[in-house]
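Scroll down for the structure; my scribbles are underneath it.
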Amino acid sequence: MLGLRKEFGRIAAVDGIDLEVPAGGVFGYLGPNGAGKTTSLRMLLGLVRPTSGSVELFGQDPAAVGVAALDGVAGFVENPAFYAYLSGRRNLHLLADMDGGRHHDRVEPVLEIVELDGRGDDKVGTYSQGMRQRLGLAAALLREPRLMLLDEPTNGLDPGGMRDMRRLVATLADEGLTVLLSSHLMNEVEQLCSRLAIVARGRIRFSGTLEELRARQHGPDHLLRVTDVVGALAVAGEVPGVRAEPTAGAAEILVTVDGPGDAARLTVALGRAGIGLLAMLPAAPSLEELFFDLTEGVERRGPTPGRCASSSPSAAPTWAGWRRR
Ligand SMILES: Nc1ncnc2c1ncn2[C@@H]1O[C@H](COP(=O)(O)OP(=O)(O)OP(=O)(O)O)[C@@H](O)[C@H]1O
Ligand SMILES: [Mg+2]
């Protein structure tokens, strides 16, 4: 995607997106409702024309060369559509017909892959939501794609259905398929993807690896509940590699360490000083909080007094984060 933009009237659903998805693995396209995920995928699949900018799939632009650019690309946006009064198997054969009749012999293998072979002769109208999503995946797999574009494939599924769908996506990627998976769930992307882009209001707010996202988890590492806050702060001041500060109400202390060994030395030093450790909790914001900060951030909460107050949308979260959990 290069300078990709799509306007609907006065709304820029996609507002200048530059993104390259490397081959191999599952790439997460993460964003809240209305972020522009479906619109981006529609443009990638050649279903809508960009207002400006362009898309390249293996070097070809669907807006310029038409369906030929979609060779090796498959997927679905929102809910895959089927004839409800026909069986799953029949629907797949119809799709194979429409695709030039080349893929009829793929129908049985793909039904097996998505574990619908036992229900293939039932009408799609009798399928559960999870079965329909899996049939959508089967339909995409018919074309033996190298790149699979999946728009929130776990939407509307129960936890078991989500787990099955995620396993299936992971298996496909293990077998060499590149998957671009849109989602509004940070934990889903964390489970499945090594790389991701976070999109909000039509713009990319972050793009990189999960490790790079985690590196943004600035701030104190631990929250300590101790029997003597003043004494603990004095002890912490003597331990190399440890910096400590009291929380706003001075009832607990926040500790930043250079490495895990420093945290261990601090607990030993507290014990020696006769200070009891009641609890030691992780204080860094969760990835989910980072996601909220990147997509809502300053507009929702406003800068918080203390460290890291900033008006940039990529501002690091404040340590007020741990209080929300
Ligand atoms: N056909 C359309 N006509 C007018 N506005 C549209 C159209 N399609 C999308 N939009 C608007 O574009 C913005 C992005 O919508 P889009 O469906 O791409 O978001 P999304 O990230 O897929 O959201 P969701 O998580 O809810 O599926 C929204 O403000 C939406 O109302
Ligand atoms: Mg959508």
Side-chain angles (χ1 to χ4, degrees), residues 1-21 26-57 61-63 70 73-82 129-130 132-137 139-140 147-159 161-162 165-166 169 179-193 195-208 213 287-297 299-300 313-314:
M1 297 181 243
L2 198 69
L4 194 60
R5 188 173 165 84
K6 179 70 187 178
E7 292 165 14
F8 293 109
R10 293 212 317 254
I11 295 175
V14 172
D15 193 9
I17 283 189
D18 293 306
L19 188 66
E20 195 170 332
V21 178
V26 187
F27 189 100
Y29 197 54
L30 180 69
N33 290 144
K37 304 180 296 294
T38 300
T39 306
S40 307
L41 295 195
R42 277 193 213 281
M43 288 190 277
L44 286 174
L45 284 165
L47 299 171
V48 292
R49 242 171 210 285
T51 306
S52 58
S54 62
V55 158
E56 262 191 20
L57 300 162
D61 181 352
L70 293 172
V73 182
F76 58 82
V77 289
E78 292 179 341
N79 294 319
F82 296 101
Q129 174 86 351
R132 260 176 243 187
Q133 296 292 84
R134 299 214 301 279
L135 190 63
L137 205 56
L147 171 64
M148 178 81 98
L149 307 173
L150 297 178
D151 188 26
E152 310 214 34
T154 60
N155 227 4
L157 306 194
D158 68 15
M162 283 187 172
M165 178 57 83
R166 287 174 193 157
V169 169
V179 181
L180 175 61
L181 172 114
S182 91
S183 177
H184 63 270
L185 302 171
M186 182 72 236
N187 75 325
E188 175 163 279
V189 167
E190 196 179 355
Q191 278 171 41
L192 279 175
C193 309
R195 296 187 141 267
L196 74 155
I198 294 179
V199 57
R201 292 179 298 279
R203 291 192 185 176
I204 300 284
R205 309 287 156 165
F206 169 86
S207 168
L213 185 62
L287 280 183
E288 187 138 42
E289 284 164 344
L290 272 184
F291 170 58
F292 288 141
D293 268 66
L294 287 164
T295 56
E296 303 174 6
E299 280 162 51
R300 188 181 56 140
S314 59

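Everything quoted here is computed from the prediction, not taken from an experiment. The residues of the chain are indexed from 1 along the displayed sequence. We count ligands from 1, going down the list as the structure has it; atoms in each ligand are counted the same way.
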Distance flag for atom 30 (C) of ligand 1, protein heavy atom under 4.0 Å: no
Numbered atoms and elements of ligand 1 in range of Glu152, under 4.0 angstrom, heavy atoms: 24 (P), 25 (O), 27 (O)
Minimum side-chain heavy-atom gap Asp18-Ile204 below 4.5 Å: no
Backbone or side-chain N/O/S of Thr38 under 2.8 Å of the Mg ion (ligand 2): yes
Spatial distance of atom CZ (Arg166) from atom CG (Leu185) [nearest 0.5 Å]: 6.5 Å
Nearest non-hydrogen protein atom, atom 19 (O) of ligand 1: Gly36 N, 3.2 Å
Candidate pair Arg42 and Asp151, rule side chain to side chain contact (heavy atoms under 4.5 Å, CB included), full reasoning: CA-CA 9 Å; Arg42 277 193 213 281; Asp151 188 26; over 6 Å; no
N or O pair under 3.5 Å between Ile11 and ligand 1: no
Non-hydrogen atom of Gly31 closer than 4.0 Å to ligand 1: no
Shortest protein contact, atom 13 (C) of ligand 1 (heavy atom only): Ala13 CB, 3.7 Å
Closest non-hydrogen atom pair, Ala63 against Pro50: CB-CD, 4.5 Å
Side-chain (Arg201) to main-chain (Gly36) donor-acceptor, under 3.5 angstrom: no
Check: Arg205 side chain, Ala200 main-chain N or O, donor-acceptor pair, under 3.5 Å: yes
Closest protein heavy atom to atom 17 (O) of ligand 1, given as residue, atom name and distance to 0.1 Å: Thr38 CB, 3.7 Å
Any Arg42 heavy atom less than 4.0 Å to ligand 1: no
Donor-acceptor contact present, side-chain Ser183 to main-chain Leu30, <3.5 Å: no
pair Pro80-Leu135: side-chain heavy atoms closer than 4.5 Å: no
Side chain proximity check, Glu152 to Ser182, heavy atoms < 4.5 angstrom: yes
Numbered atoms of ligand 1 (with element) below 4.0 Å of Thr39, judged on heavy atoms: 9 (C), 15 (O), 16 (P), 18 (O)
Contact check: Phe8 vs ligand 1, nitrogen or oxygen atoms, below 3.5 angstrom: no
Close side-chain approach of Leu181 and Glu188, heavy atoms under 4.5 Å: yes
Heavy-atom protein neighbour under 4.0 angstrom from atom 23 (O) of ligand 1: yes
Candidate with minimal heavy-atom separation from atom 26 (O) of ligand 1, of Asp151, Val14, Asn33: Asn33
Identity of the nearest option to atom 25 (O) of ligand 1, non-hydrogen atoms only, from Lys37, Arg10, His184: Lys37
For atom 14 (C) of ligand 1, closest protein heavy-atom neighbour: Gly34 O, 3.4 Å
